[in-house]
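Okay, so here's the structure we're looking at.
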Protein chains: 2
Amino acid sequence: MAGASQGRRRAVHSLEAVIGEAIALLDEAGEGALTFRALASRLGGGVASIYWYVSSKDELLDRATDQVVVDHLERTEDLPRAADPLAGLRELAVALFDDIRLHPWMGKYMMRDAEAQPHVMIAYERLGEQVMRLDMSPRDTFHAVSAVLGFVIGTAIDLGQEPPAGADLAAGDRDSGLEAYAETWRALDPEKFPYIHLIIEEFVGHDDAVQFRAGLDLILEGLRRTSAGEPGADD
Amino acid sequence: MAGASQGRRRAVHSLEAVIGEAIALLDEAGEGALTFRALASRLGGGVASIYWYVSSKDELLDRATDQVVVDHLERTEDLPRAADPLAGLRELAVALFDDIRLHPWMGKYMMRDAEAQPHVMIAYERLGEQVMRLDMSPRDTFHAVSAVLGFVIGTAIDLGQEPPAGADLAAGDRDSGLEAYAETWRALDPEKFPYIHLIIEEFVGHDDAVQFRAGLDLILEGLRRTSAGEPGADD
DNA sequence: ACCTGAACACCGTTCAAGT
DNA sequence: ACCTGAACACCGTTCAAGT
């Protein structure tokens with residue numbers, strides 16, 4: 001009986017398995033849940049084994065982020081479908097935002113190390129190629145792409161922020177969270193906080209995706225005007 | 001001789017000292033350097049004492065962030081100086097961005113918990129009051145403020161990202177860092193990466209502040225057009 | 001009321017040893 | 001070539017005890 005199967009002593013891994021389980025752990029339970037010990041037990045092996053595939057937790061996170069971008073690029077291969085460069089830019093930005101939102105932990109890492117995340121470069125390139133069609137100077141082109149990218153990733157990070165440990169994520173979760181904020185704000189003096197009072201009801205039940213698109217459209221509208229107004233302008 | 005000064009046995013702290021030293025530690029050595037043990041030794045006391053003033057590291061970071069915002073509000077009390085609402089919005093956004101950049105660690109925490117950071121609310125309110133002068137619907141007003149805020153904080157976070165542990169921050173520091181990236185990019189196939197090649201030289205030696213202002217101006221230009229075009233538009 | 005050292009339950013990372 | 005348990009040097013947080 002000593003060996004119904006004499007295997008199972010040593011677990012067998014692969015880089016794909018390590019990265020895949022890391023992504024699953026991050027998606028399911030958030031950034032705090034990604035521990036070498038937790039990851040090892042998911043893989044059915046020992047902690048130290050992970051270091052055969054990855055030399056640090058930083059590298060693990062870089063590789064996990066890059067892998068998500070690989071999937072994103074695959075999924076959006078045939079974008080943009082629009083003839084208009086700004087419409088094309090919009091499609092790409094929206095698709096990127098939506099995919100980052102599915103993995104709220106990754107925004108933080110996307111801008112950290114271009115060399116460790118080779119595919120992020122390709123996503124930038126695709127956005128840039130749409131902007132190039134506006135025929136602006138290299139500098140204006142660079143600034144426009146940086147603005148869109150900063151807005152996409154920045155907004156995704158803001159919205160993906162994990163609430164501090166204390167927060168009560170019991171029942172209505174998100175809705176009740178928004179409502180709890182609104183409650184506090186309604187208590188503020190309307191004389192001193194006219195803006196807050198103006199938008200409280202908009203804030204309650206607002207849709208992150210709608211909010212993102214509205215902001216993106218402001219940038220795109222500005223870009224449309226700017227690129228039409230000063231063809232080839234410098235500095 | 002047993003007590004030239006019999007004090008010094010027990011250190012004496014205050015909430016201000018705890019928060020102040022925490023901010024100093026974060027500014028000087030980055031987020032990784034803020035440890036209860038490091039903070040305690042700066043304060044000249046024991047680790048556990050900090051818990052008298054603050055109930056967790058999360059609270060410490062919330063309070064540190066709020067304190068920086070307090071200083072920012074004080075420093076910019078008499079802004080905006082411009083009569084034009086968009087110019088006023090621009091002044092406020094630029095000032096906020098510049099102050100966040102002085103404390104690169106804080107961007108991440110600014111959007112995390114409005115209740116724990118009462119003064120962040122005031123900064124939002126000030127931005128909102130400028131946008132209100134454009135006489136748009138509550139929804140459009142909310143979206144515009146959210147877009148500006150998302151861009152300010154998001155860009156600040158992106159730029160404030162600490163490079164992963166490995167990075168060589170030896171001599172030329174930032175410049176050589178940019179140049180190292182550029183080197184990698186120049187090696188990319190120009191056929192497949194026309195955008196990257198177009199902007200490499202713009203990227204090298206680019207100024208974060210200039211880049212931020214360019215993006216902000218796109219949003220403001222879009223906002224100017226949108227608010228002029230559809231006075232009081234809904235949905 | 002405020003401060004303390006020592007302990008607890010965790011981390012990421014290393015290493016000598018196994019197969 | 002790949003996997004392992006045990007150890008190391010850290011963390012944030014708690015607690016019983018001091019003043």
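Labels below follow one simple rule: chain letters A, B, ... track the order of the sequence lines, proteins then strands, and each chain is numbered from 1.
- For residues 32-44 of chain B, the pairs satisfying side-chain hydrogen bond (donor to acceptor under 3.5 Å, both in side chains) are B:Glu21-B:Arg42, B:Glu28-B:Arg42, with sequence neighbours left out.
- In this structure, the CD1 atom of B:Ile50 is 14 Å from the C1' atom of C:dG5, given to the nearest Å.
- Under the ring-ring contact (aromatic ring centres under 6.0 Å, His included) criterion, the residue pairs touching residues 96-119 of chain B are B:Phe97-B:Phe212, with sequence neighbours excluded.
- There is a side-chain donor-acceptor pair under 3.5 Å between B:Thr76 and B:Arg126.
- The ring pair (Phe, Tyr, Trp, His ring centres under 6.0 Å) check on A:Phe36 picks up A:Tyr51, with sequence neighbours excluded.
- Side-chain nitrogen and oxygen atoms of B:Ser49 include none within less than 4.0 Å of the OP1 or OP2 phosphate oxygen of C:dC2.
- Scored by the ring pair (Phe, Tyr, Trp, His ring centres under 6.0 Å) test, B:Tyr181 finds B:Trp185 as partners (sequence neighbours excluded).
- Scored by the salt bridge (charged side-chain N to carboxylate O under 4.0 Å, His left out) test, A:Asp78 finds A:Arg81 as partners (sequence neighbours excluded).
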Do nucleotides 12-19 of chain D as a string where each nucleotide becomes B, S or -: B if the base has a protein heavy atom under 4.0 Å, S if just the sugar-phosphate does, - if no protein is that close.
BBBB--BB
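- The side-chain hydrogen bond (donor to acceptor under 3.5 Å, both in side chains) test applied to B:Glu125 returns no partner, not counting sequence neighbours.
- Consecutive pairing runs in DNA chain C reach the stem threshold at C:4-8 with D:12-16, C:12-16 with D:4-8, where a stem means at least three Watson-Crick or G-U wobble pairs with distances under 3.5 Å.
- The side chain of A:Tyr53 contributes an N or O atom lying less than 4.0 Å from OP1 or OP2 of D:dC3.
- Between B:Trp52 and C:dC2 there is a side-chain polar atom (N or O) within less than 4.0 angstrom of OP1 or OP2.
- In terms of the salt bridge (charged side-chain N to carboxylate O under 4.0 Å, His left out) criterion, B:Glu129 has no residue partners (sequence neighbours excluded).
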